[in-house]
Amino acid sequence: MSIELDHVRKQYAAPDGTVVPVIDIDSFSIGDAEQVALIGTSGSGKTTLLHMIAGILTPDSGSIRFGANGSAVDVAKLSEAQRDVFRGQNIGYIFQTHHLLPGFTALENVQLGMSFTGRAHDPEWAKHLLTEVGLGDRLHYRPQKLSVGQQQRVAAARALANRPKLVLADEPTGALDTTNAQQVLDLIRKLCSEVGSSLLLVSHDLNIAKQLPRVVTLSELNRAGRTPSS
Ligand SMILES: Nc1ncnc2c1ncn2[C@@H]1O[C@H](COP(=O)(O)OP(=O)(O)O)[C@@H](O)[C@H]1O
Ligand SMILES: [Mg+2]
């Protein structure tokens with residue numbers, strides 16, 4: 001599914017009350033099943049942008065449309081409850097650290113990724129995903145019995161559990177060594193291709209980012225934070 005941002009702005013109030021513009025983007029789009037890397041310095045607004053696309057945060061103004069014109073959904077116009085449902089049905093999210101539930105096995109964690117949509121559990125699909133990420137023999141392991149790289153592979157499988165239209169990955173390899181980072185990147189990309197999900201992946205590591213077909217630099221897109229003369 002294509003995603004189109006139009007005149008999206010977000011500002012925060014600093015502790016002293018001053019207003020800090022963080023995002024001011026005229027236009028940005030991700031194509032159907034396209035894989036895009038987003039790079040930018042720390043504090044430049046990458047997570048804020050992902051949170052707005054996911055409907056965790058709403059922009060102060062502008063639209064974030066999912067889908068083709070006639071049937072497009074603007075997440076910025078939905079209520080919080082509607083955004084939660086929309087996210088559960090359409091978006092997979094991968095964080096820098098795995099955010100798995102410690103009391104549940106790898107398989108249960110992936111199946112829990114399905115339950116928020118009210119869709120029936122699909123253990124075969126969950127097993128397939130875990131096998132795809134090389135954990136077919138670790139289905140019943142709890143997160144603390146898995147290595148950090150394996151935990152992040154479970155998180156990748158969980159993000160694809162609902163066959164999302166879009167996967168948002170916020171520094172998904174940031175806590176991993178080079179070998180594990182490469183594996184996790186390859187697996188995220190493979191699963192997105194298999195499901196047909198679009199992918200927006202944040203990384204500060206150019207060696208990771210440049211492997212994706214399109215690399216976007218946030219500062220080139222974003223007017224917020226620039227000095228007036230630049
Ligand atoms: N809830 C908040 N209130 C005020 N400022 C915030 C809040 N969240 C983030 N910021 C500020 O917004 C800027 C962008 O943050 P963030 O999107 O996390 O950047 P990045 O992910 O690129 O490191 C930072 O300067 C940060 O301090
Ligand atoms: Mg961030």
Side-chain angles (χ1 to χ4, degrees), residues 3-30 35-64 66 75-76 78-80 83-84 86-87 91-100 148-149 151-152 155-156 158-159 164 166-178 180-181 184-185 188-189 192 197-212 214-230:
I3 297 95
E4 216 170 300
L5 279 68
D6 194 13
H7 290 88
V8 169
R9 292 184 180 196
K10 182 73 181 177
Q11 56 189 28
Y12 288 123
D16 66 1
T18 56
V19 163
V20 183
V22 174
I23 295 290
D24 182 354
I25 293 175
D26 280 347
S27 167
F28 173 54
S29 57
I30 304 164
Q35 302 193 345
V36 182
L38 178 70
I39 57 174
T41 53
S42 179
S44 61
K46 304 180 297 297
T47 296
T48 301
L49 179 60
L50 260 56
H51 281 179
M52 289 194 290
I53 296 173
I56 296 167
L57 284 174
T58 48
D60 299 324
S61 58
S63 65
I64 300 172
F66 283 70
V75 287
L78 300 179
S79 70
E80 188 173 357
R83 295 199 306 275
D84 288 345
F86 184 83
R87 185 182 324 116
I91 295 173
Y93 211 103
I94 307 173
F95 304 89
Q96 180 167 356
T97 51
H98 59 81
H99 288 230
L100 299 172
V148 177
Q151 290 168 351
Q152 197 62 331
R158 179 187 54 182
L166 171 67
V167 171
L168 297 168
D170 197 350
E171 310 259 16
T173 65
L176 304 177
D177 62 56
T178 312
N180 276 298
V184 165
L185 175 71
I188 291 171
R189 296 191 61 197
C192 286
S197 311
S198 306
L199 171 66
L200 181 61
L201 182 144
V202 168
S203 181
H204 61 262
D205 182 347
L206 204 54
N207 289 321
I208 292 284
K210 73 182 185 196
Q211 297 181 45
L212 275 73
R214 178 153 71 109
V215 181
V216 172
T217 306
L218 184 55
S219 60
E220 289 173 6
L221 209 64
N222 190 16
R223 255 205 299 261
R226 287 187 204 158
T227 55
S229 58
S230 68

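Atoms within each ligand, like the ligands themselves, are counted from 1 in listed order.
Taking atom 18 (O) of ligand 1 as the reference point, the nearest protein heavy-atom neighbour is T47 CB, 3.8 Å. Considering only non-hydrogen protein atoms, atom 1 (N) of ligand 1 sits nearest to Y12 CE2, 3.8 Å. Looking at atom 19 (O) of ligand 1, its nearest protein heavy atom turns out to be G45 N, 3.2 Å.
Of the heavy atoms in T48, both backbone and side-chain atoms come closer than 4.0 Å to ligand 1.
Shown in contact with S42 at under 4.0 Å from a heavy atom are these atoms of ligand 1, numbered in order with element: 23 (O).
The closest approach between any non-hydrogen atom of T41 and ligand 1 is below 4.0 Å. Residue contacts with ligand 1 include G43, since one of its heavy atoms falls under 4.0 Å from the ligand.
Taking both residues in full, the closest heavy atoms of I53 and I91 are given as O-CD1, 3.7 Å, listed atom of the first, atom of the second, then distance.
Within the 4.0 Å cut-off (strictly below), a protein heavy atom is located near atom 14 (C) of ligand 1. Distance check on atom 27 (O) of ligand 1: every protein heavy atom falls at or beyond the 4.0 Å cut-off.
Put simply, S42 stays out of reach of the Mg ion (ligand 2), with no N, O or S atom under 2.8 Å from it.
For the pair T47/H51, a side-chain contact is recorded, criterion being any heavy-atom separation below 4.5 Å from C-beta on.
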